[in-house]
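The next block holds one structure in the form of structure tokens; read it before the comments.
Per chain, numbering begins at 1; letters A, B, ... match sequence-line order. Quick caveat, the model's predicted, so the values are computed rather than measured.
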There are 2 protein chains.
Amino acid sequence: MDGHTRRIPDATVARLPEYLRILVDLVDQRIPTVASERLAELAGVNAAKVRKDLSYLGTYGTRGVGYDVDYLLFQMRQALGVTQDWPVIVVGAGNLGRALANYAGFGERGFPLAGVVDADDTKVGTEVGPVRVRPMSDLKELVAEHRPVIGIIATPGAVAQQVADELVAAGVTAILNFAPALVTVPPSISLRKVDLALELQILSFYQSQREPRRDSA
Amino acid sequence: MDGHTRRIPDATVARLPEYLRILVDLVDQRIPTVASERLAELAGVNAAKVRKDLSYLGTYGTRGVGYDVDYLLFQMRQALGVTQDWPVIVVGAGNLGRALANYAGFGERGFPLAGVVDADDTKVGTEVGPVRVRPMSDLKELVAEHRPVIGIIATPGAVAQQVADELVAAGVTAILNFAPALVTVPPSISLRKVDLALELQILSFYQSQREPRRDSA
DNA sequence: CGTGGCTTGTGACTTTGTGCACAAGGTCGA
DNA sequence: TCGACCTTGTGCACAAAGTCACAAGCCACG
Ligand SMILES: NC(=O)c1ccc[n+]([C@@H]2O[C@H](COP(=O)([O-])OP(=O)(O)OC[C@H]3O[C@@H](n4cnc5c(N)ncnc54)[C@H](O)[C@@H]3O)[C@@H](O)[C@H]2O)c1
Ligand SMILES: NC(=O)c1ccc[n+]([C@@H]2O[C@H](COP(=O)([O-])OP(=O)(O)OC[C@H]3O[C@@H](n4cnc5c(N)ncnc54)[C@H](O)[C@@H]3O)[C@@H](O)[C@H]2O)c1
């Protein structure tokens, strides 16, 4: 098909969604073309890096002019695989799971909520955002109905691995894990994690480097 | 004081909290010592990397034996600057802000909730988790009372920069941003971001690489 | 149709991160 | 006390990522 697409480096992949968000903004503002310099400013990175990143998608810029915003946006969506929706299933209807289910932003960005499941019978049947919580036994059916689908783990860390196994068994091929625990999956499954406590601890590190805190006075 | 601590690479810093979490688990299990091999397995990384990471903190291992869990945990806390609590202030009492405020895990890990503020008068005064929402005008006072403190942005992206500016003006020196927007701060301020849609898009990319999806049939 | 000015795309280089392999150094049993 | 056995700590070679600088290419204008 496409021909020349070299393998895209991980570091570049991690930045593409940032560019995507910016391009959507630019389209909203009816801005027809954008130079790497401007894009770099909006993304908070180096202009050469932007050009190199974009060059992995193909040669879509015009020298002396910049990039056509619409066209680049189209290509970016293509590259990221977000030309169609990816439904998500949230496992765990606790504080975080409910917040995620209530969040309209996902649907708007192409990740509509397919359902929420929970192991706690007292939570099954309750409303969260636009859906009702379903039992774990419905997982397989839910996945089959929406495939391909992304699974989100919003349960306590102690059961994260077990939940991941259940998601994989049900046919989920991509997982986002919010629980603070190591989860391993077969190599064909994509896995990412978000750990908020970890982020806070990293902030703590850099902050205490700058200005060591007074010890217990 | 300490003497020989070389500068710790960013990649290592990002892994330290993971080791910290594992060490806490090991202490709970009354496991006295741990070898880099085991630690690597628990963290899902290479053993040589673990040893190199730990060596930046100092020479705390014993050849032939491994690392003393208690002592390493102490040193790790020291290095990360989490020997004392870092209170957090959440800005924005929406879906996400409330989930964060309700989350007990932060307090347990040394990040107690100092308060929640919101610009919306109808939200001010309502209960979220253990506190009541306070007006933005209380921010300065709240920060002064708890300093040093970490600010969490849980507002819409459109106001994220403005909120960041207010946090900085109030004396916050570290910020965690959940809004999908570029935020810039003075160099003395530590800033990290968490963007969930971005994570989903990265998953989308890797998944569509593996198995390109059928086009609109 | 030619020239000047602007911006891309990329080769060369630097910096950062990873992983192997092994000497150094410690433990423990005899 | 000695030696066999482990595991650390790190030098080194390689891989990945980031930056610079500039030739190539395009547009616009006269
Ligand atoms: N709430 C937050 O803001 C927040 C922030 C950072 C991290 N986290 C992490 O996210 C996860 C969820 O946090 P929370 O505050 O929503 O917790 P919570 O206790 O409120 O919710 C957890 C939910 O998971 C369900 N559950 C438990 N075991 C299950 C299983 N085996 N299968 C399916 N569902 C199961 C429970 O019934 C409950 O509804 C935790 O790992 C937490 O560390 C939460
Ligand atoms: N809810 C989620 O699960 C989720 C997931 C991913 C990302 N996010 C991001 O987190 C942010 C918050 O999401 P949400 O779902 O909680 O939104 P929300 O609309 O429910 O809440 C936003 C809150 O911010 C307050 N606010 C608005 N402007 C303010 C200002 N200038 N100063 C102080 N407070 C202000 C509002 O009054 C409101 O209470 C958004 O940027 C969203 O994109 C949320």
Side-chain angles (χ1 to χ4, degrees), chain A residues 2-19 22-23 26 31-69 71-73 75-76 79 202 205-206 209, chain B residues 2-19 22-23 26 31-73 75-76 79 202 205-206:
Chain A
D2 249 304
H4 79 121
T5 37
R6 325 155 239 189
R7 205 189 135 275
I8 303 182
D10 291 349
T12 293
V13 172
R15 282 186 296 269
L16 295 183
E18 196 69 44
Y19 301 140
I22 292 167
L23 289 171
L26 293 174
I31 294 173
T33 62
V34 65
S36 61
E37 198 68 52
R38 176 78 182 125
L39 211 41
E41 189 188 327
L42 294 170
V45 301
N46 178 299
K49 189 146 67 178
V50 170
R51 292 200 293 277
K52 196 161 271 186
D53 283 345
L54 298 184
S55 76
Y56 288 110
L57 308 184
T59 303
Y60 301 136
T62 307
R63 290 166 194 233
V65 177
Y67 300 87
D68 181 282
V69 172
Y71 188 55
L72 188 57
L73 178 57
Q75 293 296 342
M76 186 73 69
I202 294 174
F205 171 83
Y206 285 110
Q209 289 301 96
Chain B
D2 250 304
H4 79 123
T5 38
R6 323 156 241 189
R7 205 189 135 276
I8 303 181
D10 290 348
T12 294
V13 172
R15 283 188 294 269
L16 294 183
E18 195 70 44
Y19 301 141
I22 293 167
L23 290 171
L26 292 174
I31 294 173
T33 62
V34 65
S36 61
E37 197 70 52
R38 176 79 180 123
L39 210 41
E41 189 188 327
L42 294 171
V45 301
N46 178 298
K49 190 147 64 178
V50 169
R51 291 199 293 277
K52 196 161 272 187
D53 284 345
L54 297 185
S55 76
Y56 288 109
L57 309 184
T59 303
Y60 301 137
T62 307
R63 291 164 194 234
V65 177
Y67 300 87
D68 181 280
V69 173
D70 282 325
Y71 187 55
L72 187 56
L73 178 57
Q75 292 297 343
M76 186 74 68
I202 294 174
F205 172 84
Y206 286 110

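Nearest-nucleotide positions on DNA chain D place B:G66 closer to the 5' end than the other of A:D53 and B:G66. Mapped onto DNA chain C by nearest heavy atom, A:A48 and B:P9 fall at different nucleotides, with A:A48 at the one closer to the 5' end.
Atom pair B:R7:CZ and C:dT15:P shows a separation of 13 Å (rounding to whole Å applied). Atom-to-atom, CG of A:L39 to C1' of C:dT8 comes out at 13 Å; the value is rounded to the nearest Å. Summarising the geometry, the separation between OH on A:Y60 and C1' on C:dT7 is reported as 19 Å, rounded to the nearest angstrom. Between B:L54 atom CG and D:dT10 atom P the separation is 12 Å, expressed in whole Å. Across the protein-nucleic acid pair, B:E37 atom CD and C:dG19 atom P stand 13 Å apart, rounded to whole Å. Rounded to whole Å, atom C1' of D:dG18 lies 17 Å from atom CD1 of A:I8. For the pair B:D10 CG and C:dT15 P, the computed distance is 15 Å after rounding to whole Å.
Remark: B:Y56 is not in phosphate contact with D:dT10, judged by side-chain N or O atoms under 4.0 Å from OP1 or OP2. The side chain of A:K49 contributes an N or O atom lying less than 4.0 Å from OP1 or OP2 of D:dT19. Distances shown here put a side-chain N or O of A:N46 below 4.0 Å from the OP1 or OP2 atom of D:dC20. Between B:T62 and C:dG26 there is no side-chain polar atom (N or O) within less than 4.0 angstrom of OP1 or OP2. Taking only side-chain nitrogens and oxygens, A:S36 never comes nearer than 4.0 Å to OP1 or OP2 of C:dT7. Distances shorter than 4.0 Å separate some side-chain N or O of A:Y67 from OP1 or OP2 on C:dG9.
Partner of A:L23 under the side-chain contact (heavy atoms from CB on, under 4.5 Å) criterion, chosen from A:I31, A:L42, A:V69: A:V69.
Put simply, the side chain of A:Y19 reaches to within 4.5 Å of the side chain of A:V50, judged on heavy atoms. Taking the side chain as every heavy atom from C-beta outward, A:L54 and A:Y60 never approach each other to under 4.5 Å.
Comparing atom distances between the A:A35 side chain and each of D:dG9, C:dG17, C:dT8 picks out C:dT8 as nearest. Closest contact between the side chain of A:R51 and the listed nucleotides C:dT8, C:dG17, D:dG9 involves C:dT8.
A distance of 11.5 Å separates CZ in B:R15 from CD1 in B:I8, rounded to the nearest 0.5 Å.
Heavy atoms of A:R15 sit under 4.0 angstrom from primed sugar atoms or phosphate atoms, though from no base atom.
Side-chain N/O atoms of B:K52 and base N/O atoms of C:dG19 include a donor-acceptor pair closer than 3.5 Å. Side chain B:R63 to base D:dT7: no donor-acceptor pair is found below 3.5 Å.
Surrounding CD of A:E37 are at most 12 heavy atoms belonging to other residues, nucleotides or ligands under 6.0 Å away.
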